[in-house]
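First up is the structure itself, then whatever we jot down about it.
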Number of protein chains: 2
Amino acid sequence: MSLSANAAIGRPRLFDEEAVLAKLTALFWRQGYSQTSMTEIVKISGVHKPSLYRTFGTKEELFAIVLRRYLAERIGMFTALIEQAGPGIGGVHRFLELFEGDAISERGRDGCLMVMASNELRGSLAGYDFSADYRRQMGEQIRILLARALPEAVPELIQARTDLLVTYLLGLQVVLRSGADAEEIHRYFHAVHVTADTW
Amino acid sequence: MSLSANAAIGRPRLFDEEAVLAKLTALFWRQGYSQTSMTEIVKISGVHKPSLYRTFGTKEELFAIVLRRYLAERIGMFTALIEQAGPGIGGVHRFLELFEGDAISERGRDGCLMVMASNELRGSLAGYDFSADYRRQMGEQIRILLARALPEAVPELIQARTDLLVTYLLGLQVVLRSGADAEEIHRYFHAVHVTADTW
DNA sequence: GGACTTTGTTACTGAGAGGTACCAAATCCT
DNA sequence: AGGATTTGGTACCTCTCAGTAACAAAGTCC
């Protein structure tokens with residue numbers, strides 16, 4: 001399902017949609033939605049305004065596209081980290097370590113675009129409740145991690161642990177975006193390591 | 001420390017600063033900083049623009065005043081809830097119940113102004129790192145709650161539990177602002193009740 | 001080659017943003 | 001009473017915002 005209906009007819013597009021969306025994702029992620037102007041978007045993307053509007057629609061529609069793309073990418077990252085972490089309770093600790101590595105990176109300090117957009121747009125945009133979608137898909141991934149880590153636990157307990165971890169991770173993104181230093185960030189990771197030890 | 005240097009000389013002010021700040025806090029809290037215009041601020045406050053600028057400075061300075069005021073009020077709420085919750089591990093559960101009552105209220109659905117502003121302004125405004133201030137003061141309150149709840153725990157453990165709860169509560173505000181329904185909100189509270197039972 | 005279609009580029013629009021100049025009104029001090 | 005000082009209120013400023021009209025350029029199809 002491409003954005004352009006018929007790619008063969010007419011003058012060929014000089015820019016790559018995916019590359020532009022990747023750049024704009026980073027831009028929105030850094031600055032937020034309403035604090036990013038179309039002028040900046042034109043500058044960063046290298047695509048002139050009428051082309052942007054023809055391709056992606058209004059600023060709001062463009063941001064919705066960015067959000068859907070980011071959501072899939074983000075969940076993919078969770079899947080990869082959980083895969084890499086392995087089974088057992090050690091897998092939970094390894095997952096947290098991998099997550100911390102990403103968190104203290106340059107991009108990690110921007111927090112999570114979903115959390116940022118949830119706060120700015122109250123979780124939905126143009127009728128699409130992206131925030132609920134994000135929590136649900138994130139929960140599914142965390143549940144996989146915990147089900148493999150705690151094979152003897154009943155589903156209700158797995159769910160409670162999952163809900164705790166999801167909420168914790170959302171809060172962590174708030175901290176990351178707020179400019180906390182590596183020491184404070186590590187304290188928060190330490191806290192959940194300690195908690196996971198009782199599981 | 002009043003905002004007006006000399007209250008006696010000149011025409012008396014027709015509006016109450018505190019009442020105006022309370023209204024504007026609610027407005028910023030609902031809409032966010034950059035999505036709230038000076039025109040709206042004039043309309044809600046009933047104070048004309050030049051008076052606002054004379055009294056509170058620029059929009060940015062006004063918001064800084066709102067943030068400091070809100071921070072004190074918010075920490076006061078934590079203090080009150082913790083006082084009301086009482087000692088022992090039961091105090092933690094009661095604190096959470098009281099907090100949930102506030103969370104599912106109309107205002108609770110707006111989340112926390114500090115969390116919202118942290119996401120929008122990356123934790124600081126005009127050189128004031130309000131976000132770090134908030135986490136520190138919030139941590140102090142939670143530590144009091146947990147120290148009374150777990151009198152036999154070593155300080156390191158109290159600190160770890162505190163850091164977990166602080167991060168969890170920040171994440172919860174993200175969920176609240178995103179428009180989650182009461183059932184989902186209750187699930188997240190249940191998750192931390194289950195965790196607190198192992199303390 | 002010529003009709004058709006889509007894209008790149010420039011210039012522009014109306015609306016709304018944050019912020020202020022200016023003057024009348026209301027108080028205090030002498 | 002009259003200057004001094006502060007506030008209320010109207011009208012205005014400049015700048016930037018999202019969005020678009022119009023036309024040239026670059027392709028496909030017949």
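Below, chain A is the first sequence line, B the second, and so on; all start at residue 1.
Taking atom NZ of B:Lys59 as the reference point, atom C1' of C:dG16 lies 12 Å away to the nearest angstrom. Rounded to a whole Å, the CD1 atom of B:Ile9 is 6 Å from the C1' atom of C:dC28. When rounded to the nearest whole Å, the span between CD of B:Glu61 and C1' of C:dG19 equals 12 Å. Atom CG in A:Leu14 sits about 11 Å away from atom C1' in C:dT6, given to the nearest Å. Taking atom CG on B:Leu52 and atom P on C:dT20, their separation rounds to 13 Å, with Å as the unit. Rounded to whole Å, atom C1' of C:dG19 lies 5 Å from atom OH of B:Tyr53. At whole-Å resolution of the value, CZ in A:Phe15 and C1' in D:dA26 are 15 Å apart. To the nearest angstrom, C1' of C:dT7 lies 13 Å from CZ of A:Phe56.
Within residues 33-51 of chain B, the residues approaching DNA chain C are B:Thr36, B:Ser37, B:Met38, B:Thr39, B:Lys49, B:Pro50, by heavy-atom distance under 4.0 Å.
Comparing atom distances between the A:Thr58 side chain and each of C:dG8, D:dG19, D:dT6 picks out D:dG19 as nearest. Each of C:dT27, C:dT7, D:dA18 was ranked by its minimum atom distance to the side chain of A:Arg54; first place goes to C:dT7.
In this model, a donor atom of one side chain and an acceptor atom of the other lie less than 3.5 Å apart for A:Ser34 and A:Glu120.
Cation-pi geometry between A:Arg68 and A:Tyr128 is satisfied (NZ or CZ under 6.0 Å from the ring centre, within 45° of the ring normal).
Residues passing the ring pair (Phe, Tyr, Trp, His ring centres under 6.0 Å) test with A:His93, sequence neighbours excluded: A:His193.
You won't find any donor-acceptor pair under 3.5 Å spanning the side chain of A:Arg13 and the base of D:dG27, going by distance alone.
Ring to ring, B:Phe99 and B:Phe95 are close: their centroids are under 6.0 angstrom apart.
The environment of NZ in A:Lys59 is crowded: more than 12 heavy-atom neighbours from other residues, nucleotides or ligands sit within 6.0 Å.
A:Arg136 has a carboxylate O that lies under 4.0 Å from a charged side-chain N of A:Asp133, or vice versa, which qualifies the two as a salt bridge.
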Distance-only donor-acceptor pairs under 3.5 Å for side chains of residues 142-155 of chain A, two or more places apart:
from: A:Arg143; atom 1: NE; to: A:Gln159; atom 2: OE1; distance (Å): 2.9
from: A:Arg143; atom 1: NH2; to: A:Gln159; atom 2: OE1; distance (Å): 3.4
from: A:Arg148; atom 1: NH2; to: A:Ile82; atom 2: O; distance (Å): 2.9

